[in-house]
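Fair warning: this is a prediction, and the values are worked out from it, not measured in the lab. Each chain gets a letter, A, B and so on, in the order its sequence line appears, and its residues count up from 1.
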Amino acid sequence: MGELSLVLFTVISQLAVGAFVTLWMLEALGKKISIETGKMLTISILGITAIGLVISLTHLGHPFKAYMALTNVGNSWLSREVIMFSLFFAAILIYFLQWKDGMQNTRKLIGLVGAIIGTVGVIFSGMIYVLPAMPAWNNFSPVIFFLITALLLGPVYVSSVLVWRKEMQLPNIAVLALVAIIISILASLLHLSTISSGSIAQSMTATNMLASSVFWLRIVIGWVIPLAIFAHYAYHKQQMNASILVTAFVMLLAGEFMARELFYSTVVALQIGL
Amino acid sequence: MAKKLGFLVNSDRCVGCHSCEMACKNYHQYDAEIRWRKVYAVNEVAHSSVPVRQYLSLACNHCEDPACMKACPVRAYEKREDGIVIHHHDRCIGCKMCIMACPYNVPEFNPKYKKVEKCHMCYERIDKGEKPACVAGCPMDAIDVIDLNSTSEFGLDKEYVGFPDSTITNSTTRFIKPSGLLQVRRDK
């Protein structure tokens, strides 16, 4: 098992950002969401972010000194990530307070700011791992994978809640999710084939990945089954009910947890003698 | 001109006795599972088709552009004017970012203190005009500290087989490679 707290923190913080951006975008596109549902969604995103932040502390040897991680913003991507996710948490809180009648314009503005902060936060999370010491990560792949996680999980999460609350169907959720899964598959295959033919540390990472049973489980649970579900509904242009959406979401989430676990546990660092 | 201190590792003289590791542990009295200096056995046919037994004694490379210092979110690392990279134990929060970022596997996590540790070139001894414990403890005179700003690098190498690309962080460690074929193994 790789770094469990980092696996949990990165995936659920990216879920929160994806969900927040989706919620803001729905309103920005003129979709009507009731105050009650909006509040519920926002508070759930706030809760997910809070849980993520608490979990991230468990990765530290000295969690109560975590505030010190704000002191090297000039150089450290980790410091920058901490700042962005703290700001993102504050933005969701302020956004939550705007769910009142007549506050739609302010809400859209704060939502825009929060969406930008969150997306930049995810990019900064990815940049932490762009390290020459980790050849398989020393490219755009961590940033791309982290953004894809947000894209995969956020819209399906919001859509599940909206359908469950009998609010509305997210327009073309099946097509959107289908495209996100295909992007995820293509990005992973491209990365895997690139590192397979790369340096020793890179090709060892690819070998570790392919040799892991979790990788093949992830393909089935995180890609193939959700792909089949969304493809069915997209092809038949049917509305997805809450239970199907929740099932697909849980599978995507499990797939992303597995993929992230592989991300940390399969990487081979540069080392003396390699 | 300010000094630029770095370790000189003479693999032609090193016999792999691990005295440097022991001298370091003995001087600093750190925990059993931690090693600030490590001796690696190098592939015997790395430099020639005739096998040559060789060792590489490595500690922190006190890089000109330290990846640990850049990655550390709490400014626990400091690069002194003479080039020595110091890790401030009191500031460390144990996030292990430096462990991930260092291409040479130098910082080590100490589970007892839940903090990272690494070689600081015995800077307190250097400040007194003494050599670091590993240098003083080597019976073969195979390690030294040199000032790269006042020493000719003729005959010295920045790279060594099995040593990650020194240009990633501009490592200040310099190597003297074994003069091949002097030590021919009789079992071959």
So does R91(B) get a backbone contact from the side chain of H62(A), meaning a donor-acceptor N/O pair under 3.5 Å?
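No; judged by distance alone, with no hydrogens or angles, the pair does not exist.
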
Report yes if some heavy atom in the side chain of P73(B) is under 4.5 Å from a heavy atom in the side chain of T71(A); otherwise report no.
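No, every pair of side-chain atoms sits at 4.5 Å or beyond.
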
Give a yes or no on this: more than 12 heavy atoms of other residues, nucleotides or ligands lie within 6.0 Å of atom [atom1] of [X].
{"X": "K4(B)", "atom1": "NZ", "answer": "yes"}
{"X": "E81(B)", "atom1": "CD", "answer": "no"}
{"X": "K158(B)", "atom1": "NZ", "answer": "no"}

Non-hydrogen atoms of chain A under 4.5 Å away: do they reach the side chain of [X], the backbone, both or neither?
{"X": "C95(B)", "answer": "both"}
{"X": "I93(B)", "answer": "both"}
{"X": "A101(B)", "answer": "both"}
{"X": "M100(B)", "answer": "both"}
{"X": "Y160(B)", "answer": "neither"}

Looking at chain A, which one of F109(B), F163(B), Y40(B), Y104(B) has the largest number of heavy-atom pairs inside 4.5 Å, strictly under?
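It is Y40(B).
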
Which bit of I128(A) comes within less than 4.5 Å of chain B, counting heavy atoms only: side chain, backbone, both or neither?
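When you check distances to chain B, atoms from both the backbone and side chain of I128(A) fall under 4.5 Å.
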
Portion of F64(A) that has a non-hydrogen atom of chain B nearer than 4.5 angstrom:
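Neither part, no heavy atoms under 4.5 Å.
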
If I take atom [atom1] from residue [X] and atom [atom2] from residue [Y], how far apart are they, to the nearest 0.5 angstrom?
{"X": "N75(A)", "Y": "K70(B)", "atom1": "CG", "atom2": "NZ", "value": "7.5 Å"}
{"X": "L131(A)", "Y": "M97(B)", "atom1": "CG", "atom2": "CE", "value": "5.0 Å"}
{"X": "I272(A)", "Y": "L58(B)", "atom1": "CD1", "atom2": "CG", "value": "5.0 Å"}

Which heavy atom of C72(B) sits nearest to which heavy atom of S76(A), and what is that distance?
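For C72(B) and S76(A), the tightest heavy-atom pair comes out as O-CB, 3.5 Å.
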
